[in-house]
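Everything below concerns the one structure shown next.
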Amino acid sequence: MAKVKIQGHASGTGILTVTAPNTSSDRTITLPDATGTLLNSDGDGSSLTGANANRPNANPIVYNGDMLIAQRSTSEAGKTGSDYYTSDRWHIRISSGGTWTITQSTDVPTAEGFTSSLKLDNTATSTDAAMRVGIRQYWEGQDLQYLKKGTANAETITVAFWVKATKTGTHICELSDSNSRHCAISYTVSSTNTWEHKVVNFPADTSGVIDNDNSNELMIMFFVAAGTDYTSGSLATTWATSSDANRAVGQVNGADSTSNDFLITGIQLEVGTYTSATLPPFQHESYGASLTRCQRYYQHIVEGNQKMVGIATWANTTQVNMLLELSPTMRTKPSVDYTTGTDYWTISGSSGSDGSYDNVIQNSWSTGRNQHLWSNTGTANGTAGYANYWFSDNASAKLALSAEF
Amino acid sequence: MFKNCTIKYAQLDGINVCIRVIYPDNPDGSHRELSVPLDEENTDYQNIQEWVAEGNTIQEAD
């Protein structure tokens, strides 16, 4: 540097003061190599464009972006269809896309503070034109109103994540909404099987208003593989009416070898446009906080032998009623998702009105807050009005509630 | 989506209260089952309606 220049206004005095300097050693203050305004001690931060400048919500938009929560399972093999398999809230899309093992992996970027990733391991290949393999998450419209989508003040969006893929080259990250609009941005995996941090910028969309309710209004998808049905057009790099051919143009085929893996973690979605230099840090949540957020969509109740579910009462000699109070309240009235067989569930206690049964039926009175379940397929030795413990009675028994998209 | 599943209503006091989706048996004799509310906001219910629109029929309750 040739010189340091401090220029005052035409009149008055500008004073640069170093308060209580330590005369025994130098103090170095590094100014940015740019023109701008430094923040005053009483400044409101409105001039900042960097960290935490535009987070209107205390919680991350992305659920379980660090893949820490996996209520259903930590590994599922032989999957050829779409479903939620391991990491909560992350829906695995497999359509004409071969066979995959999905795992909550401990393979993570070094020293970045993550302990889990979501891994897709190809075990049977595909080159089908209709192939779609990817990882996606849906969000409720009432949680996204501050994106101001469909208005003149619509916000731009930045998506950032860590990815490790066997296949190098172009990959696609796509946003799509309930108005059949989408936008797809490419990024490049440079080195095989190496963790890389990616930052992807989406433009604002002044069309396609997001409904203010609990329905699925916006979805993100990270493509792993796509057939020509989805790659034959021109990539939709600006928001437009959805067209399959424009969804994943350039996407490498991650399903063309059983050696292929695709791992991802640290997924964040920020309001505004950021670079890798200005991106706010990933918002780590405690395990409990992240689990509670995920339980709005899926609640794992019990799994395995002799696990307590709650209290059941006999309505008559054959029918038992069970009440489950849900916390937190689920997105909507959930499905009861359970694994059962003959006498997998038992009602037993000191009253003597013991019984076993194998189905768990949901009554129409149930809500996203309380579930009334009943069964009448078991033993017929109950006494009306008696109450007993209700628990699982087989190692394969499993009971969960799902209000997912 | 519901390949080889049995899909039928469940009744309580003569009224349909939910839809049962019974998956094929696992090797250990267990099976997965969904008890799906008659609620248009529920994704499983929406999927069943798509399945019906494809020409399938929900069985009456036992």
Side-chain angles (χ1 to χ4, degrees), chain A residues 72 80-84 91 95 138 140 213-216 297-298 303 315-316 319 321-322 324 330-345 358-368 371-377 392 394-405, chain B:
Chain A
R72 294 170 180 81
T80 59
S82 304
D83 209 340
Y84 295 88
H91 185 260
S95 180
Y138 307 88
E140 296 178 48
D213 58 24
N214 65 346
S215 62
N216 160 30
Y297 303 90
Y298 185 87
E303 182 173 6
N316 49 51
Q319 181 182 321
N321 294 316
M322 298 81 81
L324 282 181
M330 302 190 78
R331 180 186 67 84
T332 187
K333 191 183 293 187
S335 299
V336 182
D337 186 349
Y338 64 110
T339 301
T340 192
T342 303
D343 296 340
Y344 271 36
W345 307 95
D358 51 69
N359 66 12
V360 181
I361 309 298
Q362 180 176 189
N363 193 4
S364 57
W365 299 347
S366 296
T367 68
Q371 283 286 299
H372 171 210
L373 310 175
W374 56 275
S375 180
N376 59 3
T377 59
S392 60
N394 189 285
S396 297
K398 182 176 181 179
L399 179 66
L401 300 167
S402 177
E404 264 291 3
F405 290 116
Chain B
M1 177 171 292
F2 299 119
K3 186 178 180 182
N4 298 324
C5 290
T6 298
I7 300 181
K8 59 185 176 182
Y9 287 104
Q11 284 193 343
L12 188 61
D13 299 329
I15 299 172
N16 289 337
V17 293
C18 69
I19 300 171
R20 297 174 63 188
V21 179
I22 305 168
Y23 287 77
D25 280 350
N26 299 317
D28 66 357
S30 68
H31 68 270
R32 180 187 182 192
E33 183 166 336
L34 300 178
S35 181
V36 179
L38 309 177
D39 185 336
E40 293 182 353
E41 293 182 351
N42 180 283
T43 304
D44 294 315
Y45 182 79
Q46 294 169 0
N47 291 335
I48 290 171
Q49 296 310 305
E50 288 182 14
W51 178 78
V52 169
E54 293 169 357
N56 300 293
T57 303
I58 303 171
Q59 298 177 26
E60 294 301 317
D62 294 330

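Chain identifiers are assigned alphabetically (A, B, ...) following the order of the sequence lines, protein sequences preceding nucleic acid strands; residue numbering begins at 1 within each chain. These numbers come from a predicted model, not from an experiment.
- Residue Arg20(B) touches chain A through its side chain alone, counting heavy-atom pairs closer than 4.5 Å.
- Contacts between Asn216(A) and chain B at a heavy-atom distance below 4.5 Å are absent for every atom of the residue.
- A 4.5 Å side-chain heavy-atom check between Asp39(B) and Thr332(A) finds at least one atom pair inside the cut-off.
- Per-residue counts of heavy-atom pairs under 4.5 Å with chain B were compared for Gly81(A), Ser215(A), Pro334(A); the largest is that of Pro334(A).
- With hydrogens and angles left out, the side-chain atoms of Glu33(B) and Asn359(A) include no donor and acceptor closer than 3.5 Å.
- Contact detail for Arg32(B) and Asp337(A): the closest heavy-atom pair is NH2-OD2, 2.8 Å.
- Side-chain contact between His31(B) and Thr339(A): absent, with no pair of heavy atoms (C-beta onward) separated by less than 4.5 Å.
- Contact of Leu34(B) with chain A is made through backbone and side chain together, with heavy-atom distances under 4.5 Å.
- Annotation: the span from Ser335(A) atom OG to Asn47(B) atom CG amounts to 9.0 Å, rounded to 0.5 Å.
- Of the possible donor and acceptor atoms, none in the side chain of Ser35(B) sits under 3.5 Å from a partner among the backbone N and O of Val336(A).
- Interface check for chain A: of the options Ala10(B), Ser30(B), Pro37(B), the most heavy-atom pairs under 4.5 Å are formed by Pro37(B).
- Contact between Asn42(B) and Lys333(A) at its shortest, heavy atoms only, is ND2-O, 2.9 Å.
- For chain B, the nearby part of Trp374(A) is the side chain; its heavy atoms alone come within less than 4.5 Å.
- In this structure, no portion of Glu40(B) lies under 4.5 Å from any heavy atom of chain A.
- Residue contact with chain B, scored on non-hydrogen atoms closer than 4.5 Å, is absent for Asp358(A).
- Interface with chain B: from residues 396-404 of chain A, residues Ser396(A), Ser402(A), Glu404(A) qualify, criterion being any non-hydrogen pair under 4.5 Å.
- Minimum interatomic distance between Arg331(A) and Glu41(B) (heavy atoms only, all atoms of both residues): NH2-O, 3.1 Å.
- Here Thr43(B) contributes atom OG1 and Tyr84(A) contributes atom OH; the two are 7.0 Å apart, rounded to the nearest 0.5 Å.
- Side-chain contact between Ser364(A) and Cys18(B): absent, with no pair of heavy atoms (C-beta onward) separated by less than 4.5 Å.
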